[in-house]
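Everything below concerns the one structure shown next.
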Amino acid sequence: MTETRSDQAVIEKMAIEAGFLASSGIHEGERSCEHMQQSLKSWYRHKMTGEMSFSEVVQLSLAFSRGYTVTARQLGDFLPLPLHGTASVIITASNEEKTLPSVIAQLRRLPFHEIIVVLNGCTDGSYEAVEDHPSVIKLNYPDRLGHDVGRAIGASAATGDILLFTDGDLPLRAEELAPYIISVDRGDDVALNNLSPYLPPFSEQDEVSRSKTFLNQCLGRSDLKANSMTAVPHALSRRAINTIGTASLIVPPKAQALALVHGLKVTAPYTVDVIRNNRVRSGNTGAGNTVARLITGDHIEAIGEAMRIKGIRLGFKTLSRSELAKVRNGI
């Protein structure tokens with residue numbers, strides 16, 4: 001659905017009015033985030049035709065919320081979304097007591113039916129920093145598991161149709177996270193964070209980015225460039241989880257390779273700058289650092305798994321000398 005600016009303004013005005021009517025038409029005690037969510041879904045399905053962009057959906061949802069909260073101010077800035085399925089979010093955290101409250105505050109603005117926090121190896125006040133709320137599930141492990149193992153554990157516990165993954169040190173706004181949920185709700189199986197705008201040309205990239213690009217190229221998805229499940233936020237469908245298994249999430253490139261090999265719909269629909277705000281740790285800085293070596297090794301394992309399934313040539317045919325010469329010369 002392509003709208004002009006004036007058309008979008010009209011739709012947002014309609015959404016504000018619809019939100020107000022939904023809220024004012026019921027008793028004060030019945031007004032809630034859940035009712036706002038259901039009201040938006042019903043109105044959206046009956047009134048909206050065609051497919052809106054992510055930003056248009058978010059702006060429309062914000063407008064509906066503004067109308068609803070005219071008479072339900074206690075609900076604050078909750079952001080309802082016109083989802084068909086249910087959504088879960090998995091947060092991994094290790095000593096993130098300073099940022100976890102902000103992370104969860106933004107997630108509480110979205111219509112998640114469960115927020116799963118995997119606390120691994122925390123020696124600070126991270127456990128206490130996670131609020132006690134019926135929608136928040138704490139999975140506490142005294143030993144350091146690492147983010148990838150934590151995501152696999154969180155995914156095993158999640159019950160939603162859509163699983164969003166993020167980290168406890170990234171307090172991203174609800175508006176930035178919503179597109180990944182919408183993308184999977186619309187039919188994508190894997191919605192990656194599109195970091196391409198922040199990466200230098202291939203010749204200037206580090207070994208990690210090149211490994212990501214190489215894996216995607218090997219599996220026939222050069223359009224994905226260096227976008228990968230090693231980066232958050234990203235979201236998976238329940239079909240993806242059932243196809244690749246939660247254990248594969250322990251090695252994100254392997255999970256991505258399995259998704260591509262099995263023909264799942266993998267996209268990179270939206271961009272959130274997590275590079276600038278990435279927490280600097282002793283093991284993730286400098287050429288050939290510990291994290292870089294680990295991720296490079298994960299990509300080698302991913303290619304090996306793809307070769308096991310598709311054969312050592314990964315579906316590429318052998319070219320004759322003349323055919324190879326034509327390819328090299330761009331004929």
Side-chain angles (χ1 to χ4, degrees), residues 1-72 74-89 106-115 135 158-164 173-191 233-242 264-265 267 269-270:
M1 180 186 222
T2 303
E3 302 285 347
T4 65
R5 183 171 298 181
S6 60
D7 290 336
Q8 184 66 16
V10 170
I11 292 175
E12 288 181 22
K13 183 179 179 181
M14 290 170 54
I16 292 173
E17 293 173 351
F20 176 76
L21 289 173
S23 178
S24 59
I26 60 173
H27 188 271
E28 181 180 354
E30 297 176 301
R31 295 166 188 154
S32 65
C33 293
E34 291 76 14
H35 180 261
M36 188 197 305
Q37 169 68 13
Q38 293 303 319
S39 299
L40 170 71
K41 286 171 58 177
S42 177
W43 175 78
Y44 186 92
R45 290 173 186 173
H46 285 91
K47 298 297 183 180
M48 296 297 103
T49 58
E51 188 170 280
M52 305 177 78
S53 69
F54 297 130
S55 61
E56 287 171 339
V57 173
V58 169
Q59 290 306 311
L60 179 147
S61 298
L62 286 169
F64 190 96
S65 179
R66 288 198 299 273
Y68 193 99
T69 53
V70 167
T71 55
Q74 76 277 9
L75 300 181
D77 55 356
F78 181 72
L79 177 58
L81 296 174
L83 305 178
H84 294 86
T86 58
S88 306
V89 60
Q106 287 297 315
L107 294 173
R108 288 284 308 280
R109 292 181 57 208
L110 291 164
F112 290 112
H113 82 286
E114 60 188 6
I115 297 173
S135 67
T159 60
D161 302 310
I162 306 161
L163 276 63
L164 177 74
R173 294 184 302 116
E175 290 85 348
E176 296 177 295
L177 297 170
Y180 301 95
I181 306 169
I182 298 169
S183 174
V184 173
D185 191 64
R186 287 179 173 179
D188 291 342
D189 291 303
V190 181
H234 62 261
L236 301 181
S237 68
R238 176 55 57 182
R239 182 172 74 155
I241 292 295
N242 292 340
L264 297 180
K265 189 175 181 181
T267 64
Y270 196 75

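Hydrogens, waters and symmetry mates are skipped; everything else that's a heavy atom, side chains included, is used.
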Could you please spell out the steps behind the side-chain contact (heavy atoms from CB on, under 4.5 Å) verdict for Leu60 and Leu40?
-> CA-CA 10 Å; Leu60 179 147; Leu40 170 71; 3.9 Å; yes
Of all heavy-atom pairs between [X] and [Y], which one has the smallest distance, and what is that distance?
{"X": "Leu79", "Y": "Pro111", "value": "O-CD, 3.3 Å"}
{"X": "Phe78", "Y": "Arg109", "value": "CD1-O, 3.1 Å"}
{"X": "Thr86", "Y": "His113", "value": "CB-ND1, 3.8 Å"}
{"X": "Gln37", "Y": "Leu81", "value": "NE2-O, 2.6 Å"}
{"X": "Tyr180", "Y": "Pro233", "value": "CE1-CG, 3.6 Å"}
{"X": "Thr159", "Y": "Ser88", "value": "N-OG, 3.8 Å"}

Whether over 12 other heavy atoms sit under 6.0 Å from Glu28 CD =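 No, CD of Glu28 has 12 or fewer neighbouring heavy atoms, counting only those of other groups under 6.0 Å.
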Phe20 atom CZ: more than 12 heavy-atom contacts under 6.0 Å = no
Under the criterion side chain to side chain contact (heavy atoms under 4.5 Å, CB included), which of His35, Lys41, Glu34 is the partner of Gln38?
->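 Output: one option passes, namely Lys41.
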Reference residue Met36; test side chain to side chain contact (heavy atoms under 4.5 Å, CB included); the match among Ser61, Ser65, Ser23 |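 Going through the options one by one, the only one that passes is Ser65.
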Please lay out, stage by stage, how Arg186 and Thr267 fare under the test side-chain contact (heavy atoms from CB on, under 4.5 Å).
-> CA-CA 12 Å; Arg186 287 179 173 179; Thr267 64; over 6 Å; no
[atom2] on [Y] to [atom1] on [X], rounded to 0.5 Å:
{"X": "Ile181", "Y": "Asp188", "atom1": "CD1", "atom2": "CG", "value": "13.5 Å"}
{"X": "Gln106", "Y": "Leu177", "atom1": "CD", "atom2": "CG", "value": "8.0 Å"}
{"X": "Ser24", "Y": "Arg31", "atom1": "OG", "atom2": "CZ", "value": "7.0 Å"}
{"X": "Ile16", "Y": "Arg66", "atom1": "CD1", "atom2": "CZ", "value": "4.5 Å"}
{"X": "Phe112", "Y": "Leu83", "atom1": "CZ", "atom2": "CG", "value": "9.0 Å"}
{"X": "Tyr270", "Y": "Ser183", "atom1": "OH", "atom2": "OG", "value": "12.0 Å"}

Can Asp189 and Lys265 be counted as an ion pair, charged N to O under 4.0 angstrom?
->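 So Asp189 does not pair with Lys265 through a salt bridge.
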Step by step, would you call Asp161 with Arg239 a side-chain contact (heavy atoms from CB on, under 4.5 Å)?
-> CA-CA 8 Å; Asp161 302 310; Arg239 182 172 74 155; over 6 Å; no
Classify the ring geometry between Trp43 and Phe64 as parallel (under 30°), tilted (30 to 60°) or perpendicular (over 60°).
->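 Taking Phe64 first and then Trp43, their aromatic rings sit tilted (interplane angle of 30° to 60°).
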Find out whether Arg108 and Ser135 are in side-chain contact, i.e. whether some heavy atom of one side chain is under 4.5 Å from a heavy atom of the other.
->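 Yes, their side chains come closer than 4.5 Å.
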Does Met48 reach the side chain of Ile11, with side-chain heavy atoms less than 4.5 Å apart?
->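 Yes, at least one pair of side-chain atoms sits under 4.5 Å.
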